[in-house]
Amino acid sequence: MATVAAVAATGDRLGQVLVQEGLLTREQLAQAVAEAKAGKLRLGYALVKLGLIAEIEITKVLARQYRMPAVDLTNFQVDPKVVRLIPAEMAVKNVVLPLKREGRTLTVAMADPTDIGLLEDLKFITRYDLFPVIAGEFTLRALIEKHYEYAAAADQQLSSILRDMEEMDETDVEVLEEQEDEAATQAQIDDAPVVKLINGLLTDAVRRGASDIHIEPFEQEIRIRYRIDGSLVEIMKPPMKMKAALTSRIKILSQLNIAERRVPQDGRLKLKMGNRVIDFRVSTLPVLFGEKIVLRILDKGNLTLDLSKFGFEAKAEADLMKAILNPYGMVLVTGPTGSGKTTTLYSALSRINTTEVNIMTAEDPVEYNLMGINQVLVRNEIGMTFAAALKAFLRQDPNIIMVGEIRDLETGGIAIKAALTGHLVLSTLHTNDAPSTITRMIDMGVEAFNVASAVNLVVAQRLVRRICKDCKAPATYTEEELASLGTDLDSIRHIPFMKGRGCDTCGGLGYKGRAGLYEVMAMSPELRRMILRGASVAELRDQAVAEGMLTLRMDGVVKVRKGVTTLEEVVKETAE
């Protein structure tokens with residue numbers, strides 16, 4: 001590293017040049033110098049931080065001063081493979097970032113051009129000839145943080161925890177399972193490497209935006225996977241000797257019975273990350289070689305409750321808003337597990353949650369705690385079923401009722417009667433599309449005339465992965481691939497298809513985040529008459545489409561046209 005005196009001299013010269021060129025006043029320079037000394041910063045960084053000068057102007061001055069090329073990093077795409085050539089700790093400490101590799105030459109961006117020793121160290125570590133360029137320190141630090149801290153640092157943390165475990169004796173691990181009975185102190189528990197692993201896993205999963213953590217024991221190994229944007233990604237394989245300790249520690253945190261290994265158990269735990277408190281729903285299941293544990297991450301910070309941001313098309317959103325603002329009737333949301341049904345219902349409830357209405361929900365489990373809403377946890381083992389909760393709700397003067405799921409005739413019957421007697425009822429079902437929800441309820445035993453009278457709207461939904469914004473690029477498809485959409489080829493042939501190339505932001509997947517596909521069927525007088533006549537699912541669908549409903553596949557094509565997702569995602573998640 002350059003000496004303090006050299007850096008100070010650099011700052012003095014830089015400040016004088018900026019004043020001479022009229023880019024800075026002496027008062028502004030004095031303010032920046034004071035800021036730099038107080039925060040132990042370089043002068044250029046302090047100037048940009050205070051907003052006194054554009055970073056590009058400082059970079060140009062330094063480039064002339066040291067006769068080195070300068071680079072503007074604001075729109076520069078850094079190759080994730082090249083980033084790995086310099087260790088994270090070294091990059092952060094010395095404010096240096098590898099930009100590109102051409103043959104045996106590696107271009108590196110530096111904030112301090114006087115640091116010759118750093119270049120020698122980098123040449124030794126990377127085994128490349130170096131081509132240094134000057135970059136603005138403010139932008140450079142932001143890029144280093146983006147490319148290293150959230151990916152490499154997390155990986156290093158988990159790797160170091162694993163290395164600690166490999167060095168342990170099996171006897172060091174087995175004790176943890178008994179620590180609850182031995183009333184061990186909290187300090188001793190926190191020092192255990194297995195606790196560091198679990199804490200690291202939980203925080204790493206939240207940082208990566210995972211929705212679930214899967215811990216799976218097999219005969220020869222333990223596998224840990226995250227579900228990120230709907231797809232499972234393998235993260236690590238801890239040593240086999242950690243199996244009992246991992247399971248026991250998670251059970252202790254979730255207040256489960258660590259001695260019971262023969263039956264499934266459910267619990268919850270909380271994790272504090274800075275100012276955020278993250279809830280985890282924990283489920284254990286006995287399998288052949290131990291207990292599989294799945295932790296569902298319930299991060300309220302990621303919960304979007306604004307229906308207008310969900311991606312509904314104009315008519316679909318208008319129909320949904322009209323239905324939930326009705327004083328009575330039934331709104332049903334359908335789709336497979338993990339398709340975002342609960343989030344849609346919570347968002348609808350948030351839209352109509354005022355001090356003037358009494359909202360009651362029966363859920364299994366209660367995923368998020370919503371202020372102003374009376375939420376009841378369904379517990380079948382003690383007789384607190386959906387049907388029992390619904391009966392109790394009707395004696396509690398409700399305006400709006402949400403039933404987590406209609407699973408049987410008793411629940412469906414009570415919900416329908418509530419909708420017909422002046423209550424707004426929201427619920428979910430497991431069906432493939434909106435029209436089949438109607439026939440599913442009739443097959444369950446609910447009378448067709450009650451279904452036709454009570455149901456106001458049905459929403460079927462799926463979640464597809466969004467194309468990563470940082471690496472989105474045009475894509476082309478063959479005629480066969482286009483035909484897989486099952487629509488008229490001429491209508492889709494000229495769509496500007498997009499795909500993600502894969503970058504550091506999305507971990508090379510090409511996708512980041514998820515978007516919803518929605519099939520919204522509003523009940524018209526004609527559809528109600530068709531239900532009474534016993535119309536088939538196909539007939540109901542054709543009539544709804546004629547009235548303007550978009551099927552899931554049609555909504556998927558709209559999202560592809562808008563560049564939100566890819567053709568592959570739509571084909572995978574929707575049926576023709």
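Values reported hereafter were calculated over all heavy atoms of this structure, with side chains retained and with hydrogens, waters and symmetry mates removed.
Salt bridge Arg296/Asp212: present, at least one basic N to carboxylate O contact under 4.0 Å. The existence of a salt bridge linking Asp364 and Arg407 is confirmed by a sub-4.0 Å separation between a basic side-chain nitrogen and an acidic carboxylate oxygen. A salt bridge links Asp433 to Arg541: one of the charged nitrogens lies within less than 4.0 Å of a carboxylate oxygen.
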Run the numbers on Arg553 and Val570 for side-chain contact (heavy atoms from CB on, under 4.5 Å), then give the verdict.
CA-CA 7 Å; Arg553 177 61 61 88; Val570 172; 3.9 Å; yes

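Proximity of the aromatic rings of Phe289 and Phe218 is defined here by a centroid distance below 6.0 angstrom, and this criterion is not met.
Using a 4.5 Å cut-off on side-chain heavy atoms (C-beta onward), Ile198 and Leu253 make contact.
When Arg225, Glu234, Lys292, Arg223 are each tested for a side-chain hydrogen bond (donor to acceptor under 3.5 Å, both in side chains) with His214, only one passes: Lys292. Test Glu573, Glu313, Glu569 against Lys559 for salt bridge (charged side-chain N to carboxylate O under 4.0 Å, His left out) and you get one pass: Glu313.
With Asn353 contributing its side chain and Met371 its backbone, the two residues share a donor-acceptor pair below 3.5 Å. Between the side chain of Arg227 and the backbone N or O of Gly230 there is at least one donor-acceptor pair closer than 3.5 Å.
Atom CD1 of residue Ile400 and atom CZ of residue Phe393 lie 13.0 Å apart, to the nearest 0.5 angstrom. Taking CD1 from Ile401 and OG from Ser427, the interatomic distance works out to 11.0 Å, rounded to the nearest 0.5 Å.
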